[in-house]
Amino acid sequence: MSAVRFLEPSEYGRTRALFTECFGEDREFCDMYYGCSGDGDIYRGRVAVLEQDGEILSMVHVRQMNLQSSAAVAADVEKYVLPRLKAMKPDDVRFAYLLCIGTAVDCRGRGYMDEVMTFVENELRQDGCQFSFLVAVDKAIYKSRGYEYHFPLS
């Protein structure tokens with residue numbers, strides 16, 4: 001039986017093996033992202049997973065933000081998104097960055113990522129997020145979910 005849920009922060013380290021399987025072993029990055037002392041970059045967000053018999057088979061890392069909380073993306077959001085959200089103040093524009101989306105290699109093609117993405121998107125709607133974005137290795141995977149825009153940086 002599989003279950004989809006958000007992990008407790010104390011459980012985030014359980015996703016490191018899947019992260020390495022999906023994205024490769026870069027020890028320096030993993031140590032920074034996961035943090036040996038519990039203060040890594042991963043702790044700035046939440047992690048949704050699909051588990052089966054205690055094994056994490058699929059995951060989506062989520063960072064909720066507003067325009068004031070993320071100067072790194074604020075300029076692009078202001079240029080491309082705010083014209084559509086003119087009536088809102090920057091503090092009211094809430095969005096999420098979805099990252100580290102992955103499924104165990106031997107479990108792909110079973111719809112696990114769709115289950116986790118649906119769970120995350122529903123939670124984000126309930127939390128008042130107006131939109132989410134992600135950086136995809138293969139954009140075609142996410143197009144059916146509505147992630148279709150691409151803004152080249154060069």
Side-chain angles (χ1 to χ4, degrees), residues 1-26 29-36 38-70 72-74 76-77 80-82 84-85 88 90-151:
M1 168 150 273
S2 61
V4 179
R5 67 181 179 98
F6 280 113
L7 295 175
E8 295 296 324
S10 62
E11 300 177 282
Y12 289 175
R14 293 182 54 215
T15 65
R16 187 169 177 152
L18 181 56
F19 180 95
T20 300
E21 178 182 344
C22 293
F23 307 110
E25 177 69 39
D26 178 339
F29 177 81
C30 285
D31 287 347
M32 179 278 304
Y33 187 70
Y34 281 88
C36 298
D39 61 353
D41 207 36
I42 191 173
Y43 293 92
R44 295 183 191 161
R46 297 164 72 188
V47 182
V49 299
L50 181 142
E51 288 179 290
Q52 193 169 65
D53 300 323
E55 184 179 358
I56 295 174
L57 303 178
S58 192
M59 66 181 174
V60 176
H61 296 218
V62 181
R63 292 212 182 125
Q64 286 183 250
M65 302 179 235
N66 64 34
L67 290 181
Q68 301 303 319
S69 69
S70 178
V73 297
D76 282 344
V77 171
Y80 297 110
V81 178
L82 279 186
R84 295 174 17 185
L85 302 171
M88 303 181 82
D91 285 342
D92 294 334
V93 178
R94 296 188 59 227
F95 59 98
Y97 173 35
L98 309 182
L99 63 157
C100 304
I101 301 169
T103 299
V105 173
D106 61 346
C107 295
R108 292 179 182 167
R110 299 180 190 177
Y112 291 168
M113 188 213 319
D114 277 336
E115 286 186 52
V116 181
M117 290 289 288
T118 298
F119 171 80
V120 166
E121 290 163 352
N122 288 337
E123 290 290 318
L124 291 173
R125 279 186 201 95
Q126 289 178 12
D127 288 346
C129 282
Q130 286 91 8
F131 67 95
S132 61
F133 70 97
L134 54 85
V135 177
V137 173
D138 181 353
K139 293 171 192 64
I141 293 172
Y142 305 96
K143 189 168 182 156
S144 67
R145 301 198 69 79
Y147 296 92
E148 58 184 294
Y149 297 103
H150 175 68
F151 301 106

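As a basis for the values below, the full set of heavy atoms in this structure was taken, side chains included, without hydrogen atoms, waters or symmetry mates.
- Residue R16 holds its CZ atom at 4.5 Å from SG of C30, rounded to the nearest 0.5 Å.
- Each salt bridge (charged side-chain N to carboxylate O under 4.0 Å, His left out) pair with one or both residues in residues 100-118, not counting sequence neighbours, appears once here: D114-R145.
- Shown here are the side-chain contact (heavy atoms from CB on, under 4.5 Å) partners of D53, two or more places apart in sequence or in another chain: there are none.
- Note that CD of E123 is 12.0 Å distant from OG1 of T118, once rounded to the nearest 0.5 Å.
- Of the listed residues (V120, L134, V116, V62), just one forms a side chain to side chain contact (heavy atoms under 4.5 Å, CB included) with I101, and that residue is L134.
- By the ring pair (Phe, Tyr, Trp, His ring centres under 6.0 Å) test, Y97 is found to be paired with F133, residues two or more places apart in sequence or in another chain being considered.
- Nearest approach of G102 to C22, heavy atoms of both residues: CA-SG, 3.8 Å.
- S2 pairs by the side-chain hydrogen bond (donor to acceptor under 3.5 Å, both in side chains) definition with nothing, not counting sequence neighbours.
- Residues H61 and T15 have side chains in contact (heavy-atom distance under 4.5 Å, counting atoms from C-beta outward).
- Residues meeting the side-chain contact (heavy atoms from CB on, under 4.5 Å) test with F23, sequence neighbours left out: F19, M59, C100.
- Legend: residues meeting side-chain hydrogen bond (donor to acceptor under 3.5 Å, both in side chains) with Y147, ordered by chain and number and at least two apart, are E121, S132.
- Evaluation of the side-chain hydrogen bond (donor to acceptor under 3.5 Å, both in side chains) rule for Q126 yields no partner, not counting sequence neighbours.
- Taking the side chain as every heavy atom from C-beta outward, L99 and R63 approach each other to under 4.5 Å.
- When the salt bridge (charged side-chain N to carboxylate O under 4.0 Å, His left out) test is applied to D127, the partners found at least two apart in sequence or on another chain are R46.
- In this structure, the separation between CD1 on I42 and OH on Y12 is 7.0 Å, given to the nearest 0.5 Å.
- Applying the ring pair (Phe, Tyr, Trp, His ring centres under 6.0 Å) test to pairs two or more places apart or on separate chains, none has a residue in residues 98-117.
- Side chains of L124 and F95 form no contact here, defined as non-hydrogen atoms less than 4.5 Å apart.
- Residues passing the side-chain contact (heavy atoms from CB on, under 4.5 Å) test with E21, sequence neighbours excluded: L18, A104, V105.
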Practice item. Please report the C-alpha distance between L50 and M113 in whole Å, then the side-chain angles of each, then the deciding distance to 0.1 Å, and finally whether the side-chain contact (heavy atoms from CB on, under 4.5 Å) criterion is met. Key: CA-CA 8 Å; L50 181 142; M113 188 213 319; over 6 Å; no

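- Among residues two or more places apart in sequence or in another chain, the side-chain hydrogen bond (donor to acceptor under 3.5 Å, both in side chains) test is passed with D138 by none.
- Contacts classified as salt bridge (charged side-chain N to carboxylate O under 4.0 Å, His left out) and involving residues 2-11 (residues at least two apart or in different chains) are given here: R5-E11, R5-E51, E11-R14.
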